[in-house]
2 protein chains.
Amino acid sequence: MSLMLPSSGDDASEQADQSALLDLAGYNIRRAYLVIQALFDQEMEKHDLRQAEFSVLSIVRGNPGINQRALADALAVAPPNLATLLDRLEARGLVARQRSTEDKRVQHVELTTQGVRLYSRALKAAGTADAQALQHLSEAEREQLKTLLRKIFVE
Amino acid sequence: MSLMLPSSGDDASEQADQSALLDLAGYNIRRAYLVIQALFDQEMEKHDLRQAEFSVLSIVRGNPGINQRALADALAVAPPNLATLLDRLEARGLVARQRSTEDKRVQHVELTTQGVRLYSRALKAAGTADAQALQHLSEAEREQLKTLLRKIFVE
DNA sequence: TATTGTTATACTCTATAACTATA
DNA sequence: TATAGTTATAGAGTATAACAATA
């Protein structure tokens, strides 16, 4: 369609040829990531949660009493950034930090009752964003997509 | 393996349960994106190119004389950010901006000879990063992955 | 000495407002 | 009035160094 463009590319209504980039898996992943990220953010905004905050709630929900080190590892977040993340979530009454009695350097993190409630609603919202992003894929295709993606990030 | 953890999550060698997040396509895409992005950056570093700069070179290579407006649209980059991107690439002698004679507001962008040469090498490097990220996928799986991803970002 | 968590800081990306020059 | 491109700036996200408390 935009093959053999004359060397002038004036027409703004003309779409640029992206075939070289579309051959790269990395570019396709990035483009899909941007779409689903936007849908996700739109849903999470309703709960005043950012991506990283939702991930914190999710890991803590599935691993009550996890310490900050393990939490930072699971999230691939640097410890200083986790500290400020938790500051905000704690100030909102969604998580609680408790100093370990066995090793006083360690802090255990838990969801508060309010945190559990918000996470439950946020998880539904995340599912909604997912469903929107995947609306053109069959159930089998959705499973296959996840399977293929995991082959990239699981060692 | 980490199912039914006791409510203490002390052991730092223990991996946190991420099953709730792994059910979400968005999380799988993000994790895969982070992996391929790291490999890509590592390859591009050899050519002193950032992701956005590589994309600029690629679009301009396939659309010589494209104007900045169309280029910004294709890249999903805000015009102010494209301006500084092009400043750097132009200062390095990789692209050239030429004011249109028909509409003096418009600038056409082209690769210089040096830009073509660098892009050619960078494209190979991008392929290398791609191959590393996809090393556990068969050729058929790689094609299917791209097909599935495009169903997400093509409207 | 090494580790957990914190503070402070810096760098990159991205987004917006305000400007210019042209149309 | 609207558009192409620019400058300046502000906000996220991310990364590192230096520190305090504890082991």
Side-chain angles (χ1 to χ4, degrees), chain A residues 8-14 16 30-31 33-34 37-38 40-42 44-45 48-56 65-91 95-109, chain B residues 8-14 30-31 33-35 37-38 40-42 44-45 48-56 65-91 95-109:
Chain A
S8 79
D10 254 303
D11 191 355
S13 71
E14 191 73 43
R30 174 178 168 79
R31 291 288 304 269
Y33 174 64
L34 292 177
Q37 186 185 226
F40 185 89
D41 289 349
Q42 199 175 314
M44 283 305 141
E45 208 171 86
D48 192 20
L49 283 178
R50 286 171 285 192
Q51 289 181 46
E53 293 171 337
F54 172 77
S55 300
V56 167
I66 191 172
N67 65 56
Q68 293 190 199
R69 173 76 154 119
L71 185 53
D73 284 350
L75 295 166
V77 161
N81 300 328
L82 178 61
T84 53
L85 260 171
L86 288 176
D87 284 347
R88 181 162 181 255
L89 293 174
E90 195 169 32
V95 307
R97 281 188 267 209
Q98 193 175 8
R99 188 67 66 180
S100 167
T101 48
E102 295 158 20
D103 182 339
K104 283 190 265 187
R105 293 171 303 180
V106 171
Q107 297 211 110
H108 299 290
V109 186
Chain B
S8 79
D10 252 305
D11 191 355
S13 69
E14 191 73 42
R30 174 177 167 81
R31 291 288 303 268
Y33 174 64
L34 292 177
V35 167
Q37 187 186 225
F40 186 89
D41 288 348
Q42 200 175 313
M44 283 305 141
E45 207 171 88
D48 192 21
L49 282 178
R50 286 172 285 192
Q51 288 181 48
E53 292 172 337
F54 172 77
S55 300
V56 167
I66 191 173
N67 65 58
Q68 292 190 200
R69 173 74 154 117
L71 184 53
D73 284 351
L75 295 167
V77 160
N81 299 329
L82 178 61
T84 52
L85 261 172
L86 288 176
D87 284 348
R88 180 161 181 256
L89 293 173
E90 195 169 32
V95 308
R97 282 187 267 209
Q98 191 174 9
R99 187 68 65 180
S100 167
T101 48
E102 296 157 16
D103 182 339
K104 283 191 264 188
R105 294 170 303 181
V106 170
Q107 298 209 110
H108 298 290
V109 186

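Keep in mind that this is a model prediction, so the values were computed, not measured. Below, read A as the first sequence line, B as the second, and so on, with proteins coming before strands; counting in each chain starts at 1.
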Engineer: Which residue lies toward the 5' end of DNA chain C, T84(A) or P80(B), if each is placed at its nearest nucleotide?
Structural biologist: T84(A)
Engineer: Could you state the CG-P distance from L82(B) to dA15(C), rounded to the nearest angstrom?
Structural biologist: 14 Å
Engineer: Testing Q68(A), R69(A), Q98(A) one by one against Q107(A) for a side chain to side chain donor-acceptor pair (under 3.5 Å), which residue passes?
Structural biologist: Q68(A)
Engineer: Between atom CD in E102(A) and atom P in dT4(C), what is the gap in whole Å?
Structural biologist: 15 Å
Engineer: Any donor-acceptor pair, under 3.5 Å, between the side chain of R105(A) and the base of dT3(C), if you only look at N and O atoms?
Structural biologist: yes
Engineer: Once you round to the nearest 0.5 Å, how far does CG of L85(B) lie from CG of L89(B)?
Structural biologist: 6.5 Å
Engineer: From CG of N67(B) over to P of dA21(C), roughly how many Å is that when rounded to an integer?
Structural biologist: 20 Å
Engineer: Under 30°, 30 to 60°, or over 60°: which ring-plane class applies to F54(A) and F40(A), parallel, tilted or perpendicular?
Structural biologist: perpendicular
Engineer: Tell me the interatomic distance from R99(A), atom CZ, to dA21(D), atom P, rounded to whole angstroms.
Structural biologist: 11 Å
Engineer: Would you kindly give the CD-to-P distance between Q107(A) and dA23(D), to the nearest whole Å?
Structural biologist: 13 Å
Engineer: Given the structure, check if the side chain of N81(B) and the base of dA15(C) hold any donor-acceptor pair shorter than 3.5 Å.
Structural biologist: yes
Engineer: Please pick, from dT22(C), dT12(C), dT4(C), the nucleotide with the shortest atom-to-atom distance to any side-chain atom of D103(B).
Structural biologist: dT22(C)
